[in-house]
K.L.:
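Below you will find the structure I want to go over with you.
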Amino acid sequence: MDFRPTDEQQLLRRTVREFAETEIRPHVREWDEQQHFPRELVAKLAALGLMGIQIAEQYGGAALSAIDYCICIEEIARVDPAVALSLAAHNGLCSAHIAFFGTGEQKQRFLAPLARGDKVGAWGLTESSSGSDAAGMRTSAARAGDCWVLNGSKTFTTHGRIGDVMVVMAVTSRGEGTKGISAFIVERGTSGMTPGKKEDKLGMRASDTSEVLFDSCRIPMDQLLGEEGQGFVNTMEVLDAGRIGIAALAVGLAQGAYEAALAYARERRAFGKPISSFQAIQFKLADAATRIEGARLLTYRAAALKERGQRTTLESAMAKLYASEIAVRVAEDCVQIHGGYGFVKDYPAEKYFRDVKLLTIGEGTSEIQRLVIARRLLAR
Ligand SMILES: Cc1cc2nc3c(=O)[nH]c(=O)nc-3n(C[C@H](O)[C@H](O)[C@H](O)COP(=O)(O)OP(=O)(O)OC[C@H]3O[C@@H](n4cnc5c(N)ncnc54)[C@H](O)[C@@H]3O)c2cc1C
């Protein structure tokens, strides 16, 4: 295995980092405080190819590799994890689901505007009474003449209020369990689809999260995504790829927190010395840097295997579990190294600490990752 970045990958990292520093860094606190999703940033993200990172060029995407995708998400998360979460939901869930399972016509109609950044994507699996147990969903879709009629609601949908195109999972054949679930593409503005309550969150506050309600929402037959009854099976494949993106987000967030802690440790003085001269601080920095490298390698391994066309259920779960859990520790140590200044909004430490917790929950909690990993190990 050779994980040395190519010249193109080094250039990609520098370009995305510079973009994040100039276009995002100055606004991070304001967007967080106002829970403002920066719609005005979307065209700039699109100009860089970040709204269609892995989408084929024929649909207006940047056609980058799975490792390139990780680099992009990492570099945005290093500066603002909330913007990275929005990118991960748009690219790694909504667009990926259409790219993997859509027809050519669906890709032209829905994927191309998503990849160009003309539209923002959302993806709805979770419901108020079914998160980890996603197959227990209640939202239904029934045939009625030349339409599907959706009834139910989705919870915690990233871009639930601002998304233009949403992939929605619904039960089409009750009693058939995971084989009775199908996926649909629903456009904002469709009669019977309304955004519900916007969530007031601990962290990731610039990323829009809300309920989405479906009340006799009629959509044309040709907006069934993938085969009828395959929606849940396809969702698992989308999540295998999506979890690599969340792992990359965790690596980037941890990197940002580590760099903030390192800079602060060099400048803050106590007992007549920089605090970086104390072994207790040095050990925290050493542990953080080591954990980040480990998480990055697990993440790139999963991405490299995906790039080769391999199914990565085990590797994605391992990367997501490890990267999100070390990111929580790194963000906590970042606050600790900042002392009292880690607890106030003048420094970035407190925001990394609030944002990071989502990563052990979204796209499958740490407990669910452990279940996935254990099942794979025991099946060997
Ligand atoms: C900011 C944010 C953005 C999100 N974006 C999206 C999105 O865009 N689309 C979407 O569909 N969803 C989204 N989600 C939902 C997210 O994926 C779910 O919250 C997550 O899967 C957990 O589901 P839950 O909240 O229902 O928790 P539950 O499933 O109720 O879990 C509660 C606790 O029980 C544990 N648990 C549950 N089952 C088991 C088990 N079998 N063994 C051991 N422990 C178990 C869990 O690990 C957890 O600790 C988002 C959530 C948040 C907070």
Side-chain angles (χ1 to χ4, degrees), residues 8 11-13 15-20 22-24 27 31 36-77 79-80 82-124 157-168 183-190 193 195 206-208 212 219-220 222-223 225-226 238 241-242 245 248-249:
E8 289 77 16
L11 177 64
L12 177 69
R13 190 181 288 284
T15 307
V16 181
R17 181 170 293 201
E18 203 179 299
F19 173 84
T22 52
E23 299 290 344
I24 299 178
H27 309 286
W31 292 342
H36 170 70
F37 171 77
R39 185 93 208 197
E40 62 277 16
L41 191 69
V42 170
K44 293 177 184 172
L45 290 164
L48 220 54
L50 298 181
M51 295 298 284
I53 301 171
Q54 290 184 267
I55 304 304
E57 280 171 0
Q58 74 179 113
Y59 300 113
L64 295 179
S65 73
I67 290 185
D68 296 341
Y69 177 71
C70 292
I71 291 170
C72 296
I73 297 290
E74 256 181 76
E75 288 303 322
I76 300 292
V79 172
D80 191 347
V83 174
L85 180 66
S86 277
L87 279 181
H90 170 93
N91 280 280
L93 295 177
C94 177
S95 301
H97 202 138
I98 301 173
F100 291 176
F101 302 107
T103 61
E105 205 250 306
Q106 286 173 335
K107 289 181 194 174
Q108 281 300 350
R109 188 166 156 214
F110 299 108
L111 189 58
L114 287 166
R116 287 195 305 264
D118 296 339
K119 297 201 166 165
V120 172
W123 189 82
T157 309
T158 301
H159 304 155
R161 292 181 76 83
I162 57 97
D164 304 293
V165 173
M166 180 170 174
V167 172
V168 182
F184 298 88
I185 305 172
V186 189
E187 288 181 283
R188 187 153 66 129
T190 305
M193 176 201 201
S207 176
D208 173 79
V212 182
I219 54 167
D222 62 4
Q223 286 176 218
L225 176 59
V238 172
L249 207 168

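Scope of the values below: all heavy atoms of this structure, side chains included, with no hydrogens, waters or symmetry mates.
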K.L.:
Hey, is Asp164 close enough to Arg116 for a salt bridge, meaning N to O under 4.0 Å?
P.N.:
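Not counted as a salt bridge, because no side-chain N and carboxylate O are separated by less than 4.0 Å.
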K.L.:
Does the side chain of His27 come within less than 4.5 Å of His36's, by heavy atoms?
P.N.:
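A side-chain contact under 4.5 Å is absent here.
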K.L.:
Between Lys107 (side chain) and Ala99 (backbone), is there a donor-acceptor pair under 3.5 Å?
P.N.:
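Yes, the answer is positive, given that a donor and an acceptor are paired below the 3.5 Å cut-off.
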K.L.:
In this structure, are over 12 heavy atoms from other groups packed under 6.0 Å from Glu57 atom CD?
P.N.:
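It does not: Glu57 CD has 12 such atoms or fewer within range.
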K.L.:
Closer than 3.5 angstrom, by distance alone: can the side chain of His90 be matched with the main-chain N or O of Val120 as a donor-acceptor pair?
P.N.:
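Side chain of His90 to backbone of Val120: no pair is present.
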K.L.:
Give the ring-plane orientation class for Phe101 versus His97, where under 30° counts as parallel, over 60° as perpendicular and anything between as tilted.
P.N.:
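The rings of Phe101 and His97 stand perpendicular, inter-plane angle above 60°.
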K.L.:
Is the backbone of Gly163 close enough, under 3.5 Å, to the side chain of Arg188 for a donor and an acceptor to pair up by distance?
P.N.:
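Looks like yes, one N/O pair under 3.5 Å.
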K.L.:
Flag the pair Lys119 / Phe110 as yes when at least one side-chain heavy-atom distance between them is below 4.5 Å, and no otherwise.
P.N.:
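They are not in contact (no side-chain heavy atoms under 4.5 Å apart), so the answer is no.
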K.L.:
Taking the side chain as every heavy atom from C-beta outward, state whether Asp208 and Ser86 have any pair of such atoms under 4.5 Å apart.
P.N.:
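A side-chain contact under 4.5 Å is absent here.
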K.L.:
Do side-chain atoms of Gln223 reach the backbone of Phe184 as a donor and acceptor pair under 3.5 angstrom?
P.N.:
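Side chain of Gln223 to backbone of Phe184, a donor-acceptor pair under 3.5 Å: no, none is there.
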K.L.:
So if I apply the side-chain contact (heavy atoms from CB on, under 4.5 Å) rule between Leu50 and each of Ile73, Leu45, Leu41, Val83, which one comes out positive?
P.N.:
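With Leu50 as partner, Ile73, Leu45, Leu41, Val83 yield a single side-chain contact (heavy atoms from CB on, under 4.5 Å), made by Leu45.
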K.L.:
Does the pair Thr15 and Leu48 meet the rule for a side-chain contact (heavy atoms from CB on, under 4.5 Å), with working shown?
P.N.:
CA-CA 9 Å; Thr15 307; Leu48 220 54; 4.0 Å; yes
K.L.:
With a 4.5 Å heavy-atom cut-off, do Leu225 and Phe100 have their side chains touching?
P.N.:
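In short, these two side chains do not touch, never coming nearer than 4.5 Å.
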K.L.:
Under the side-chain contact (heavy atoms from CB on, under 4.5 Å) criterion, do Ile98 and Val165 qualify, and how do the steps go?
P.N.:
CA-CA 11 Å; Ile98 301 173; Val165 173; 4.3 Å; yes
K.L.:
Roughly how far apart are Arg13 CZ and Ile71 CD1, rounded to 0.5 Å?
P.N.:
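Interatomic distance, Arg13 CZ to Ile71 CD1, rounded to 0.5 Å: 5.0 Å.
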K.L.:
Could you check whether any side-chain N or O of Gln54 sits under 3.5 Å from a backbone N or O of Gly92, counting only pairs where one atom can act as donor and the other as acceptor?
P.N.:
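Checking the backbone N and O of Gly92 against the side chain of Gln54, no donor-acceptor pair under 3.5 Å is found.
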K.L.:
Would you say Phe19 and Glu75 make side-chain contact, with heavy atoms under 4.5 Å?
P.N.:
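SC-SC contact between Phe19 and Glu75 ruled out.
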K.L.:
Can you check whether Ile53's main-chain N or O pairs, donor with acceptor, with Asn91's side chain at less than 3.5 Å?
P.N.:
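Yes, because the side chain of Asn91 sits within donor-acceptor range (under 3.5 Å) of the backbone of Ile53.
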